[in-house]
Asker: 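Just passing along the structure, written as structure tokens.
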2 protein chains.
Amino acid sequence: MTKEKKHTVAIVDDHSLFAGSLEKLINSFPNFTVLFHAKNGVELQERIENGNDLPDIILLDINMPVMDGFETAEWLMQNHPRIKTLALSMEDDEQTILRMLRKGVKGYLLKDIHPEILNTALEELMDKGYYHSEKVSETLLHSLNPDEESALLDFKENELTFIQLACSEMTYKEIAEIMNLSPKTIDGYRHDLFNRLKIKNRVGLVIFALKKNLIKL
Amino acid sequence: MTKEKKHTVAIVDDHSLFAGSLEKLINSFPNFTVLFHAKNGVELQERIENGNDLPDIILLDINMPVMDGFETAEWLMQNHPRIKTLALSMEDDEQTILRMLRKGVKGYLLKDIHPEILNTALEELMDKGYYHSEKVSETLLHSLNPDEESALLDFKENELTFIQLACSEMTYKEIAEIMNLSPKTIDGYRHDLFNRLKIKNRVGLVIFALKKNLIKL
DNA sequence: TTTTTTAAAGGGATTTTTCCTATTTGTTGA
DNA sequence: TCAACAAATAGGAAAAATCCCTTTAAAAAA
């Protein structure tokens with residue numbers, strides 16, 4: 001096997017032991033080699049912007065302190081849509097997975113990685129252009145099934161903004177001002193959401209938003 | 001080096017790649033060897049209860065699905081206080097660290113592990129009986145320093161109960177009933193806390209409680 | 001014992017939240 | 001063009017939350 005024939009992979013993850021063994025593992029694969037390793041999204045940007053380090057695949061951890069996986073994936077899609085991004089995360093909740101998929105990642109792997117699975121994932125990524133583990137496929141099916149659950153989470157842009165602002169200490173009146181809407185409209189959003197989500201008050205909304213990852217702490 | 005002379009270590013972590021390389025790493029240390037590997041607290045319990053697998057040290061991940069690090073540490077302290085537990089976690093926030101220390105763990109390591117650091121940690125654990133990274137030492141100092149920050153977190157039992165109930169969808173009146181106090185008293189708690197914590201409304205209280213780990217989602 | 005502190009309650013007022021119902025405006029598709 | 005639908009807006013009112021100030025009783029400190 002020639003060096004030039006190997007596909008290049010970049011790792012973005014701030015856990016050194018994990019990322020380190022990941023690198024060794026990938027380098028042991030016949031068709032892949034690690035191009036570089038970045039500790040967060042910002043480092044990745046620098047590597048990609050400055051040098052000519054354009055990997056074929058990026059393994060992207062979601063939980064990073066500086067610029068997390070969501071932001072990084074967004075940036076990648078806008079600036080380098082041809083690089084295939086594989087999301088890595090411990091989170092196996094539906095919302096997190098869906099959020100990443102919406103950002104345009106080509107695959108999603110739970111961090112409970114087995115060597116063979118990772119190799120398969122990389123191969124399929126280069127081959128078919130995507131890879132999804134069983135768990136993620138389930139999630140996808142689930143989300144396409146327009147039952148109560150997922151309908152709940154299909155928020156309009158304004159609603160989402162409202163929810164996020166309602167999770168601050170702002171008054172509804174203040175939220176109305178910021179969103180340039182009448183307090184009555186805001187009250188309408190509130191009322192609708194309370195019904196749809198079957199919650200009783202603003203505390204319920206905050207809890208909901210946190211569980212569904214609509215806001216961060 | 002004789003096999004018998006090696007200290008035994010058990011790993012409790014559900015991330016197979018990470019735990020796998022951790023195991024290899026530890027086995028490469030002159031004085032330590034991995035006795036077994038459990039995916040969560042329950043598996044650990046079984047191994048310890050059934051067989052005679054009593055390790056000297058347990059490396060305990062905090063984030064596990066079935067029986068997390070907090071519960072496991074608690075159980076270990078009550079049933080096998082002589083086993084030294086080293087907590088592993090990505091969380092570097094003060095509250096999480098303190099919570100684990102209170103459970104009785106003998107050390108705390110951020111998961112961004114470097115091989116030399118881990119070896120040092122294990123050696124010191126067997127030698128001095130404890131190990132704390134710089135970050136954790138800082139946290140300890142911080143928590144001993146009775147400045148504003150920590151004073152904030154010194155809640156009376158009733159206040160804590162109130163905070164936790166206020167993070168539900170209950171009305172203050174309902175909270176009063178549950179706590180067997182007058183609504184006016186509850187209002188007093190509320191008012192006090194809003195001032196002390198410099199928050200404006202109940203949403204602020206929920207956010208605070210979550211950040212400080214006074215409640216779980 | 002007297003003073004101080006603290007937890008628990010109460011009175012009363014204002015603002016915010018929450019709930020209901022109805023109207024206007026704008027967009028979309030038949 | 002007109003019906004249909006959704007988004008934005010309104011009015012009114014009850015309930016809850018918030019704020020400020022006082023009082024009582026018991027416990028702790030002096």
Asker: May I have the distance from A/Leu205 (atom CG) to C/dT17 (atom C1'), rounded to whole angstrom?
Answerer: 13 Å
Asker: Can you find a side chain N or O atom of A/Arg190 that sits less than 4.0 Å from OP1 or OP2 on C/dT17?
Answerer: no
Asker: Specify the separation, in whole Å, of atom CG of B/Asn201 and atom C1' of D/dC19.
Answerer: 14 Å
Asker: What pair of heavy atoms forms the shortest contact from A/Met64 to A/Leu60, and how long is it?
Answerer: CE-CD1, 4.0 Å
Asker: Does the side chain of B/Leu88 come within less than 4.5 Å of B/Ile11's, by heavy atoms?
Answerer: no
Asker: When the distance from CZ of A/Arg202 to C1' of C/dT17 is rounded to whole Å, what number comes out?
Answerer: 9 Å
Asker: Can you pull every protein N or O that's under 3.5 Å from an N or O on nucleotides 5-12 of chain D?
Answerer:
{"unit_1": "D/dA7", "atom_1": "OP1", "unit_2": "A/Lys156", "atom_2": "NZ", "d": "2.7"}
{"unit_1": "D/dA7", "atom_1": "OP2", "unit_2": "A/Lys156", "atom_2": "NZ", "d": "3.3"}
{"unit_1": "D/dA8", "atom_1": "OP1", "unit_2": "A/Asn158", "atom_2": "ND2", "d": "3.0"}
{"unit_1": "D/dA8", "atom_1": "OP2", "unit_2": "A/Tyr189", "atom_2": "OH", "d": "2.2"}
{"unit_1": "D/dT9", "atom_1": "OP2", "unit_2": "A/Ser182", "atom_2": "N", "d": "3.0"}
{"unit_1": "D/dT9", "atom_1": "OP2", "unit_2": "A/Thr185", "atom_2": "OG1", "d": "2.5"}
{"unit_1": "D/dT9", "atom_1": "O5'", "unit_2": "A/Thr185", "atom_2": "OG1", "d": "3.3"}
{"unit_1": "D/dA10", "atom_1": "OP2", "unit_2": "A/Ser182", "atom_2": "OG", "d": "3.2"}
{"unit_1": "D/dG11", "atom_1": "N7", "unit_2": "A/Lys184", "atom_2": "NZ", "d": "3.0"}
{"unit_1": "D/dG11", "atom_1": "O6", "unit_2": "A/Lys184", "atom_2": "NZ", "d": "3.0"}
{"unit_1": "D/dG12", "atom_1": "O6", "unit_2": "A/Lys184", "atom_2": "NZ", "d": "2.6"}

Asker: Rounded to whole angstrom units, what separation is found between the CG atom of B/Leu193 and the P atom of D/dC19?
Answerer: 12 Å
Asker: Which ring pair (Phe, Tyr, Trp, His ring centres under 6.0 Å) pairs, counting each pair once, include a residue from residues 82-104 of chain A, with sequence neighbours left out?
Answerer: none
Asker: Over how many whole Å does the gap from B/Asn195 atom CG to D/dC21 atom C1' extend?
Answerer: 14 Å
Asker: Between B/Phe155 and B/Phe208, what is the ring plane arrangement, given parallel below 30°, perpendicular above 60°, and tilted in between?
Answerer: perpendicular
Asker: So if I take residues 164-174 of chain A and measure heavy-atom distances to DNA chain D, which residues fall below 4.0 Å?
Answerer: none
Asker: Grab the two heavy atoms, one from A/Leu110 and one from A/Tyr108, that are nearest each other, plus how far apart they are.
Answerer: CD2-CE2, 3.9 Å
Asker: Would B/Tyr131 and B/Glu123 count as a side-chain contact (heavy atoms from CB on, under 4.5 Å) here? Give the steps.
Answerer: CA-CA 9 Å; B/Tyr131 170 83; B/Glu123 294 284 5; over 6 Å; no
Asker: Between B/Asp187 and B/Lys184, does any NZ, NE, NH1 or NH2 come within less than 4.0 Å of an OD or OE carboxylate oxygen?
Answerer: no
Asker: What is the distance, rounded to the nearest whole Å, between atom NE2 of B/His191 and atom C1' of D/dA16?
Answerer: 16 Å
Asker: Over all heavy atoms of both residues, which pair between A/Asn63 and A/Ser89 is shortest? Give the atoms and the distance, please.
Answerer: ND2-OG, 4.4 Å
Asker: CD1 of A/Ile175 versus C1' of C/dT18: gap in Å, rounded?
Answerer: 14 Å
Asker: Under the criterion salt bridge (charged side-chain N to carboxylate O under 4.0 Å, His left out), I'd like the reasoning laid out for A/Arg196 against A/Glu159: C-alpha separation, chi angles, the key distance, then a yes or no.
Answerer: CA-CA 12 Å; A/Arg196 264 201 282 163; A/Glu159 282 179 328; 2.3 Å; yes
Asker: How close or far is atom P of D/dA15 from atom CZ of A/Phe194, stated in whole angstroms?
Answerer: 18 Å
